[in-house]
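This report refers to the structure that appears directly beneath it.
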Amino acid sequence: MPHRAALNLLEQQLDYPLGDRLPATGQTLEVAPGIKWIRMALPFALDHINLWLLRDEIDSPDGSGVRLQGWTVVDCCISRDEARAQWEQIFANELDGLPILRVIVTHMHPDHIGLAHWLCARWKAPLWISATDYNAARIGSQSTTGFGGEGAALFFASHGLTDAESVEKIRGRSSYYPSMVPDVPRSFRRMQDGDTVSIGGRNWSCISGYGHAPEHISLSCAGLNVLIAGDMMLPRISTNVSVYDVEPESNPLKAFLDSIDKFRALPQDTLVLPSHGKPFTGLHTRIDQLHDHHRDRLAEVMEACAAAPQSGADILPVMFKRVLDLHQTTFAMGEAVAHLHLLWFAGKLQRRLGADGVWRFRVA
Ligand SMILES: [Zn+2]
């Protein structure tokens, strides 16, 4: 979440080859040969997601050796009527009468995997995803807590979010994940770092990314000079990097920064297809911007901790200079703890558990 004033200056250092053009609802925009951009609305502060249709051909799964023509979908949107209706328009008008052959999901967050079960069932298409994210999505969609509830409330409280109203709301938000991901296909095809996937006769490389989701997979195609970045490389906002209750001693910010450095192996003029915002070029510039952004936030956190021991909740007004609603507060808390943890793992901060059950971080 970059500061507003700095936003436009940073964006000016990137190029948007399509200008301000956006695909209309239920339509697509071709961004590279055989790659169509779909944009769907989301009912959140982050109000849209980009999905991709890739012209494809695969061997028929019946073993006949026949080559099937069709499309591979990358990412799906959350499960809701508006998204299904928009998909129906796409099926009717944008597939050249061909089927969906395969559903690729970059990671397990609801806006990416929510409708995978529906798309896979409707087209009898396989799901391709990392094993880690498949299993996390399966657990999240089938559990009554769905990554929220009591565990999350206790975790946030241990980092200083203790006001009764917030704690009660977090506790009550227990079926948040399954409400957007009601089901996940019963089987999947694994994607791992370094795998090559042939799509439409072109080779795409899988690039794992950590710190945002358990095992996010981006896909790059040297032949097209295109990177389907998912959420690992966004032009306008910084990717959410959070510590969660299921892995309370993680260091996701270190993992994220290490992961985005892997993209430096791709050319600066790579056309980056992000899950939010517009397709852009200036990959290395954006990697540098994200490092700078987090370096600045880390410096602010260090400064605050030098003045007095700080909990995650204490850090919120240091890192986020605006009013946050509860949804934003939970994201921001995860991010604040992620910054504290990077400094803690680096030996720059120590933490102590107070008599009130709250972790506070001080300069080592
Ligand atoms: Zn995500």
Side-chain angles (χ1 to χ4, degrees), residues 1-2 37-52 73-80 83 103-116 127-141 146-148 152 173 176-181 184 188 191 193 206-219 227-247 250 252-253 255-260 262-263 272-280 286 290 293-294 327-328 330-335 337-338:
M1 299 187 199
W37 175 16
I38 301 167
R39 196 171 185 274
M40 288 196 184
L42 291 173
F44 312 123
L46 186 53
D47 64 2
H48 71 279
I49 180 169
N50 300 323
L51 318 171
W52 313 100
V73 168
V74 180
D75 288 335
C76 307
C77 202
I78 60 171
S79 179
R80 66 171 189 154
V103 176
I104 290 177
V105 168
T106 55
H107 65 296
M108 51 76 71
H109 290 159
D111 44 338
H112 299 262
I113 200 172
L115 278 176
L127 170 67
W128 290 49
I129 186 172
S130 74
T132 321
D133 277 54
Y134 174 78
N135 286 301
R138 191 104 190 243
I139 291 164
S141 66
F147 305 121
R173 215 181 54 177
Y176 196 55
Y177 190 87
S179 73
M180 295 177 284
V181 188
V184 173
F188 72 105
M191 295 190 295
D193 189 57
C206 297
I207 305 171
S208 62
Y210 301 94
H212 173 66
E215 189 183 355
H216 183 294
I217 299 290
S218 305
L219 290 150
L227 171 67
I228 296 178
D231 278 351
M232 288 301 291
M233 189 54 54
L234 305 175
R236 201 182 164 83
I237 54 172
S238 63
T239 299
N240 179 268
V241 174
S242 286
V243 179
Y244 295 101
D245 60 299
V246 291
E247 198 184 352
S250 62
L253 183 53
F256 177 76
L257 293 171
D258 289 349
S259 294
I260 63 173
K262 289 158 66 176
F263 295 133
V272 182
L273 307 182
S275 291
H276 310 284
K278 293 177 290 186
F280 70 97
R286 187 60 185 141
L290 289 164
H293 166 77
H294 288 293
H327 185 66
Q328 292 167 329
T330 58
F331 273 111
M333 278 293 292
E335 293 236 3
V337 178

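Predicted, not measured: the structure shown is a model, and the values here were computed from it. Both ligands and their constituent atoms are indexed starting at 1 by order of listing. When a residue number appears, it is its place in the shown sequence, counting from 1.
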Angle at the Zn ion (ligand 1) (to 10°), with one arm to OD2 of D231 and the other to NE2 of H107 | 90°
Is a side-chain N or O of S218 found less than 3.5 angstrom from the main chain of G230, in a donor-acceptor match?
-> no
Search all heavy atoms of V243 against all heavy atoms of E247 and return the closest pair with its distance.
-> CG1-O, 3.7 Å
Between the side chain of H216 and the main-chain N/O of D231, is any donor-acceptor distance below 3.5 Å?
-> yes
Angular separation of NE2 (H212) and ND1 (H109) seen from the Zn ion (ligand 1), to 10° = 90°
The Zn ion (ligand 1) contact by H216, N, O or S atom under 2.8 Å | no
D47 side chain to L42 backbone, donor-acceptor under 3.5 Å | no
